[in-house]
Protein chains: 2
Amino acid sequence: MATIRDVAKLAGVSVATVSRVLNNNGNVHKSTKEVVQAAITTLNYRPNEIARTLYKKNSRLLGLIIPDITNPFFTELARAIEDTAHRYGYTMVLCNTDEILEKEQHYMEVLKQRQADGCLMITNEKATFLDEELGIPIVALDRPIHSHIPFIQADHYQGGKIAAQTLLQKGSTQLVHIRGPKYLDSAEARYQGFLDVVEKEKISYHIFESSFQPRNDEFLINNIFERFPEIDGVFAANDVIAVSVLKTALHRGISVPEDLQIIGYDGILFGQLFYPSITTVAQPIYQLGKQAVQMLINLIEKKETEQKICRLPVQLVERDTTRKE
Amino acid sequence: MATIRDVAKLAGVSVATVSRVLNNNGNVHKSTKEVVQAAITTLNYRPNEIARTLYKKNSRLLGLIIPDITNPFFTELARAIEDTAHRYGYTMVLCNTDEILEKEQHYMEVLKQRQADGCLMITNEKATFLDEELGIPIVALDRPIHSHIPFIQADHYQGGKIAAQTLLQKGSTQLVHIRGPKYLDSAEARYQGFLDVVEKEKISYHIFESSFQPRNDEFLINNIFERFPEIDGVFAANDVIAVSVLKTALHRGISVPEDLQIIGYDGILFGQLFYPSITTVAQPIYQLGKQAVQMLINLIEKKETEQKICRLPVQLVERDTTRKE
DNA sequence: TTGTAGGCGTTATCAC
DNA sequence: GTGATAACGCCTACAA
């Protein structure tokens, strides 16, 4: 790899001059500029980003710390984030933590050592990641960390309400909500939204808690159908659970949506591949990722964000696990 | 952030000594070592990876260049790769190209400028990425690039055979293979495997080509059922297509697997969530990713790989879109 | 065993 | 307008 020195030598100028044309700052005569550019071209020179980072202390490197890229919600988020980061000239490092604190901490160390400019984070470890001890700007995605760490999330409370309202409106009367784990703020909000609707409407309902681990859900769902054969509407806390409910119901000979309506949550792409396709409360996944990156870059470059909290609207996507009219 | 100089000052030694205890090379007296370590601890010092890279010219950074993380096969691959890279002390940068040459080239530039040690690549641009012009070691994953670029792939020819044999063995007599695009080596191999079996057995069959774009497949599949209502076995070139076939069949009132057997390909996790769950020829996805990283690291650290080509076996996963016995 | 000093490839501050 | 040169934080001859 050619260095700036090689270019300088070939162009017959000093490295300072080369640097000036590279960064387009300082004054340099038009003719010498051309000579330098010619040298750059013939040597196929590209500035060494590492050396630049060392001096300027910004790396244009962003970390994405998530539980598991294999979870389709995170997959789509990651795509949006990488797209956006790339568009702004940043490079994205992917980190899977499996929600293990040690891994999260380790990745934070790695990112810091690599002088990453910032980090997007999905974690439950609220206490551990406070702004000051980090040393690098972070934005919390979907799961809040701390009141002074900028945070972006879909409006899950509203999502829960929409799900419940839709089920009722389309004729279900015996509802079940399979909610996510209690320690998840987002699961709690969906649950609250659901609850506020069914309580107000004085509807019969049951609540169950999923671990968000597909393997364990099968047993839970079978159990629900066993104990409460009369239920005719399920709001699942995410699309994967919704799909499991669908599968179990079909397996038991229950017609969907005639005898049982199902609403999922997230709006992952896969939902439409099922038969019947999954009605869902869709998060604006791409938007979430995109805005998260923009918030983070704002934080990095302008050293401040306008709003510490950003909440995006969800949207009902009616497909075939709910009745038409 | 504390620097090595701060540590040296606090410990009352020179930076060289600190460096020696950091890297555990050179001789340093036990007592001074302890003093240095104490200083490191109190300052919470971590060596700056950027400075290290600049000097040593290896960054422990790996690039993963893939078409789209949103494709579930790539998602699971990425997880395996990140896991493995991390285990070996490498950091993984994710790059989505959408199979656009300009993006691929741009990411290669970025990786080079960041002094990435190597790169895993899934691309169709065979001609473009020859070893020499790259400057960094690469390993081709699933899609070959060039005979002298190390390459790892599942045994797709065998996979195609297995799919065809299974369908026949379980009683299908009118087969369809929805194959992947012609420019994909891996699609071609599956097709050949399928072909060799049905030709040898003198079975009636039809071949159709999918673009691997879910949106376009729906029309194709409906068309197939329309024109050839007699078919009773489908081998889809990947699980997503298989799922679309399933959906369309169910929609048309065709019983699966009684009237129509379906076999997918890849073995993505999602396949088991469908009802009926998808029988598939599973690639050893995690293994593929893991070994790809190991090959790459070998290339980086030992400057050579034993075998330029690595082919891993596939495995039939019998689920519910094929008949029992 | 330990310290000094030069260099990795840039950028920026001075002079000229 | 241009050129030395001192950083950035680290590592490693080479000396001592």
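Numbers restart at 1 for each chain; the letters A, B, ... are given by sequence-line order, proteins then strands. What's counted below: heavy atoms across the whole structure, side chains too, no hydrogens, waters or symmetry copies.
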Keeping to residues at least two apart or across chains, list the salt bridge (Lys or Arg N to Asp or Glu O under 4.0 Å) pairs with something in residues 6-31 of chain A. none
Sequence neighbours excluded - salt bridge (Lys or Arg N to Asp or Glu O under 4.0 Å) pairs with any residue from residues 283-300 of chain A: none
For [N], does either OP1 or OP2 sit under 4.0 Å from a side-chain N or O belonging to [X]?
{"X": "B/Thr32", "N": "C/dT2", "result": "yes"}
{"X": "B/Lys30", "N": "C/dT1", "result": "no"}
{"X": "B/Thr17", "N": "C/dT1", "result": "no"}

Counting only pairs under 3.5 Å, give me each side-chain donor-acceptor contact of residues 32-39 of chain A, with atom names and distances, residues two or more places apart or in other chains.
| unit_1 | atom_1 | unit_2 | atom_2 | d |
| --- | --- | --- | --- | --- |
| A/Thr32 | OG1 | A/His29 | O | 2.8 |

Can you give me the N/O atom pairs linking the protein to nucleotides 10-13 of chain C at distances under 3.5 Å, or say none if there are none?
| unit_1 | atom_1 | unit_2 | atom_2 | d |
| --- | --- | --- | --- | --- |
| C/dT10 | OP1 | A/Tyr45 | OH | 2.7 |
| C/dT10 | OP1 | A/Asn48 | N | 3.0 |
| C/dT10 | OP2 | A/Ile4 | N | 2.6 |
| C/dT10 | OP2 | A/Tyr45 | OH | 3.4 |
| C/dT10 | O5' | A/Tyr45 | OH | 3.3 |
| C/dT11 | OP1 | A/Asn23 | OD1 | 3.2 |
| C/dT11 | OP1 | A/Asn23 | ND2 | 3.3 |
| C/dT11 | OP1 | A/Arg52 | NE | 2.5 |
| C/dT11 | OP1 | A/Arg52 | NH2 | 2.9 |
| C/dT11 | OP2 | A/Ser19 | OG | 3.1 |
| C/dT11 | OP2 | A/Asn23 | ND2 | 3.3 |
| C/dT11 | O2 | A/Tyr55 | OH | 3.3 |
| C/dA12 | O4' | A/Tyr55 | OH | 2.8 |

Length of the line joining [X]:[atom1] and [N]:[atom2], which is rounded to integer Å:
{"X": "A/Lys57", "N": "D/dA7", "atom1": "NZ", "atom2": "P", "value": "14 Å"}
{"X": "B/Asn27", "N": "C/dT2", "atom1": "CG", "atom2": "P", "value": "9 Å"}
{"X": "B/Asn58", "N": "D/dC10", "atom1": "CG", "atom2": "P", "value": "16 Å"}
{"X": "B/Lys9", "N": "C/dG3", "atom1": "NZ", "atom2": "P", "value": "15 Å"}
{"X": "B/Glu49", "N": "D/dG9", "atom1": "CD", "atom2": "C1'", "value": "12 Å"}

Counting only pairs under 3.5 Å, give me each side-chain donor-acceptor contact of residues 79-87 of chain B, with atom names and distances, residues two or more places apart or in other chains.
| unit_1 | atom_1 | unit_2 | atom_2 | d |
| --- | --- | --- | --- | --- |
| B/Arg79 | NE | A/Asp68 | OD1 | 2.9 |
| B/Arg79 | NH1 | B/Asp83 | OD1 | 2.3 |
| B/Arg79 | NH1 | B/Asp83 | OD2 | 3.1 |
| B/Arg79 | NH2 | A/Asp98 | OD1 | 2.2 |
| B/Arg79 | NH2 | A/Asp98 | OD2 | 2.9 |
| B/Glu82 | OE1 | A/Asn96 | N | 3.3 |
| B/Glu82 | OE1 | A/Asn96 | ND2 | 2.9 |
| B/Glu82 | OE1 | A/Tyr107 | OH | 3.1 |
| B/Glu82 | OE2 | A/Tyr107 | OH | 2.4 |
| B/Asp83 | OD2 | B/Tyr286 | OH | 2.5 |
| B/Thr84 | OG1 | B/Ala80 | O | 2.7 |
| B/His86 | ND1 | A/Tyr107 | OH | 3.4 |
| B/His86 | NE2 | A/His106 | ND1 | 2.9 |

Does a donor on one side chain and an acceptor on the other come within less than 3.5 Å for B/Glu104 and B/Thr123? yes
Suppose the criterion is ring pair (Phe, Tyr, Trp, His ring centres under 6.0 Å): which pairs have a residue in residues 48-78 of chain B, not counting sequence neighbours? none
